[in-house]
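Written out below as structure tokens is the structure these notes cover.
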Amino acid sequence: MITIGNYVKAKTVEEAYELNQARNSRIMGGMMWMRLGNARVKTVIDLSDLGLDQIEETDHVFRIGAMCTLRQLEQCEGLKELYGDGIAESVRHIVGVQFRNQATVGGSIYGRYGFSDVLTALLALDTFVELYDGGTIRLSEFVKRKPDKDLLLSVIVRKSKRKFHYESIRRTKTDFPVLTCAVVTGIVNGQESWYFSVGARPMKAALLEKQWEVPKDAAEDVLADFAKQAASEFNYGTNMRGSAEYRQHLAEVLIRRAMSAILAEER
Ligand SMILES: Cc1cc2nc3c(=O)[nH]c(=O)nc-3n(C[C@H](O)[C@H](O)[C@H](O)COP(=O)(O)OP(=O)(O)OC[C@H]3O[C@@H](n4cnc5c(N)ncnc54)[C@H](O)[C@@H]3O)c2cc1C
């Protein structure tokens, strides 16, 4: 059971950051994960008055406030227009609508959970995180950092003409995933580039980038070879949901399916 001493609704981000520097303070997102823990928290800091609950679209970026819910992400028309159904697909399996109306993007990304669909999906795009103290850094760099006492303000997805596809495998509907996989492709600096993000290995999502020229009409066995190569560059582990070997096999299959779906869309 979690025990909380004080609840403070921060009036400014500075106040939230300062309060969070105490050892036993915690920022609260939707509290969906934190409330299941056993911690003794002296002060819990609520960010809900800080205007961090909007997805702002500009000519160049989507700025997703840390307090946006997974449901907002799922329903964002701008993201859908640019990247198709992939973002919605990445969160669609997370428990249920009521749950996704509470769990936040900030809590999901800050937590860097191994099982995270949200992290897997956003990592494959041109994504940055805006931290109060640490500035704006690439999500791929943030993922490798150990959790500290910084405050996540927003997640920034840079707009670009990229194709995005998301796949995951679960043993039963709404369970934690056995493997998550996002594939993105686009022309970057004049070169065809492919980005593979694979999570729930069961380790947290990692990103692989390849400058591959994949023929638009590539046969499934050709795609299977590309997928096999990409999948072999991640490491995998074993837990109650699956063995390392099984996960690597799933990664090959999901990457191939995602590449195939992207190419079919481009034809
Ligand atoms: C039963 C269950 C099933 C789930 N299944 C899945 C699944 O299949 N796929 C998936 O991707 N996810 C899954 N999740 C995780 C869920 O989607 C959220 O990622 C998780 O609940 C955290 O989000 P939250 O808003 O509830 O954060 P909280 O629980 O409120 O916070 C989580 C952590 O992040 C910190 N934090 C929150 N916001 C900030 C911030 N702005 N700055 C700094 N630190 C912050 C908190 O201090 C805490 O340490 C599941 C969770 C549960 C409880």
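Order of listing sets the numbers, starting from 1, for every ligand and every atom in it.
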Salt bridge (Lys or Arg N to Asp or Glu O under 4.0 Å) evaluation trace for Glu141 with Arg145: CA-CA 7 Å; Glu141 188 191 327; Arg145 289 191 181 175; 3.1 Å; yes
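- For the residue pair Asp150/Tyr17, the side-chain donor-acceptor check at 3.5 Å is not satisfied.
- Counting protein heavy atoms only, atom 47 (O) of ligand 1 is closest to Ile27 O, 2.6 Å.
- Under a 3.5 Å cut-off, the side chain of Arg170 and the backbone N or O of Asp175 do form a donor-acceptor pair.
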Could you pull out all donor-acceptor pairs under 3.5 Å where a side-chain atom in residues 94-107 meets a protein atom, sequence neighbours excluded?
from   : atom 1 : to     : atom 2 : distance (Å)
Arg100 : NE     : Glu74  : OE1    : 2.7
Arg100 : NH1    : Arg92  : O      : 3.0
Arg100 : NH1    : Ile94  : O      : 3.1
Arg100 : NH2    : Glu74  : OE1    : 3.4
Arg100 : NH2    : Glu74  : OE2    : 3.1
Thr104 : OG1    : Gly107 : N      : 2.9

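- At a 3.5 angstrom cut-off on N or O pairs, Met28 does not count as close to ligand 1.
- Closest heavy-atom contact between Val8 and Thr43: CG2-CG2, 3.7 Å.
- Backbone and side-chain nitrogen or oxygen atoms of Phe176 are examined, and none is located within less than 3.5 angstrom of a nitrogen or oxygen of ligand 1.
- Ligand 1 has a nitrogen or oxygen under 3.5 angstrom from a nitrogen or oxygen of Ser108.
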Residues Leu79, Glu81; criterion side chain to side chain contact (heavy atoms under 4.5 Å, CB included); working and verdict: CA-CA 5 Å; Leu79 285 167; Glu81 223 168 85; over 6 Å; no
Steps toward salt bridge (Lys or Arg N to Asp or Glu O under 4.0 Å) verdict (Lys163, Glu266): CA-CA 9 Å; Lys163 295 273 178 220; Glu266 283 184 339; 5.6 Å; no
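- Considering backbone and side-chain N/O atoms, His93 never comes within less than 3.5 Å of an N/O atom of ligand 1.
- Annotation for ligand 1: atoms under 4.0 Å from non-hydrogen atoms of Gly30 are 24 (P), 25 (O), 26 (O), 27 (O), 30 (O).
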Audit row: Phe196, Trp212, ring pair (Phe, Tyr, Trp, His ring centres under 6.0 Å) steps and yes/no: CA-CA 12 Å; Phe196 303 95; Trp212 278 344; 5.7 Å; yes
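- The distance criterion of under 3.5 Å between nitrogen or oxygen atoms is met by Met34 with respect to ligand 1.
- For the pair Ile94 and ligand 1, the shortest N or O to N or O distance does not fall below 3.5 Å.
- No side-chain N or O of Gln211 forms a donor-acceptor pair with one of Glu213 less than 3.5 Å apart.
- Ranking the protein heavy atoms by distance from atom 27 (O) of ligand 1 puts Gly107 CA, 3.5 Å first.
- At a 3.5 angstrom cut-off on N or O pairs, Gln102 does not count as close to ligand 1.
- Contact annotation: Asp175 has at least one heavy atom less than 4.0 Å from an atom of ligand 1.
- For ligand 1, the atoms closer than 4.0 angstrom to any heavy atom of Ser116 are 11 (O).
- Residue-ligand proximity, Leu70 to ligand 1, at heavy-atom distances under 4.0 Å covers atoms 17 (O).
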Evaluation steps, salt bridge (Lys or Arg N to Asp or Glu O under 4.0 Å), between Glu57 and Arg63: CA-CA 6 Å; Glu57 183 177 355; Arg63 185 184 296 272; over 6 Å; no
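- With hydrogens left out, the protein atom closest to atom 26 (O) of ligand 1 is Met32 N, 2.8 Å, a heavy atom.
- Given atom 42 (N) of ligand 1, the protein heavy atom at minimum distance is Leu152 N, 2.9 Å.
- For ligand 1, the polar-atom distance check against Trp33 finds a nitrogen or oxygen pair separated by under 3.5 Å.
- Ligand 1 places these atoms under 4.0 Å from at least one heavy atom of Ala103: 25 (O).
- Only the side chain of Leu36 comes within 4.0 Å of ligand 1, judged by heavy-atom distances.
- Which parts of ligand 1 touch Asp150 is read off a 4.0 Å heavy-atom cut-off, strictly below it: atoms 43 (C).
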Steps toward ring pair (Phe, Tyr, Trp, His ring centres under 6.0 Å) verdict (Phe115, Trp33): CA-CA 13 Å; Phe115 54 75; Trp33 186 258; 5.1 Å; yes
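- A donor and an acceptor atom, one from each side chain of Ser260 and Glu220, are located under 3.5 Å apart.
- Protein heavy atom nearest atom 9 (N) of ligand 1, with residue, atom name and distance: Asp117 OD2, 2.7 Å.
- Atom 32 (C) of ligand 1 has its nearest heavy-atom neighbour, among Tyr113, Phe99, Tyr17, Tyr110, in Tyr113.
- The shortest distance between side-chain heavy atoms of Ile64 and Ser154 does not fall below 4.5 Å.
- Annotation: side chain of Lys204 is in contact with side chain of Leu119 (closest heavy-atom distance under 4.5 Å).
- Side-chain atoms of Asn235 and Arg201 include a donor-acceptor pair closer than 3.5 Å.
- Scanning the protein heavy atoms around atom 49 (O) of ligand 1, the nearest turns out to be Arg26 NH1, 4.1 Å.
- Distance from atom 13 (C) of ligand 1 to its nearest protein heavy atom, with residue and atom name: Phe115 CE1, 3.5 Å.
- The salt bridge (Lys or Arg N to Asp or Glu O under 4.0 Å) check on Asp85 picks up nothing, with sequence neighbours excluded.
- Where the criterion is an N or O separation shorter than 3.5 Å, residue side chain and backbone included, Arg170 meets it with respect to ligand 1.
- Arg162 and Ser160 share a donor-acceptor pair across their side chains, judged by distance under 3.5 Å alone.
- The distance criterion of under 3.5 Å between nitrogen or oxygen atoms is not met by Pro177 with respect to ligand 1.
- Residue Asn20 does not touch ligand 1, judged by heavy-atom distances below 4.0 Å.
- Ligand-side atoms of ligand 1 in range of Leu47: 41 (N), range being under 4.0 angstrom from any heavy atom.
- For atom 28 (P) of ligand 1, the nearest non-hydrogen atom of the protein is Met31 N, 3.7 Å.
- The shortest heavy-atom distance from Thr174 to ligand 1 is not under 4.0 Å.
- Near Ala66, meaning under 4.0 Å from one of its heavy atoms, ligand 1 places the atoms 41 (N).
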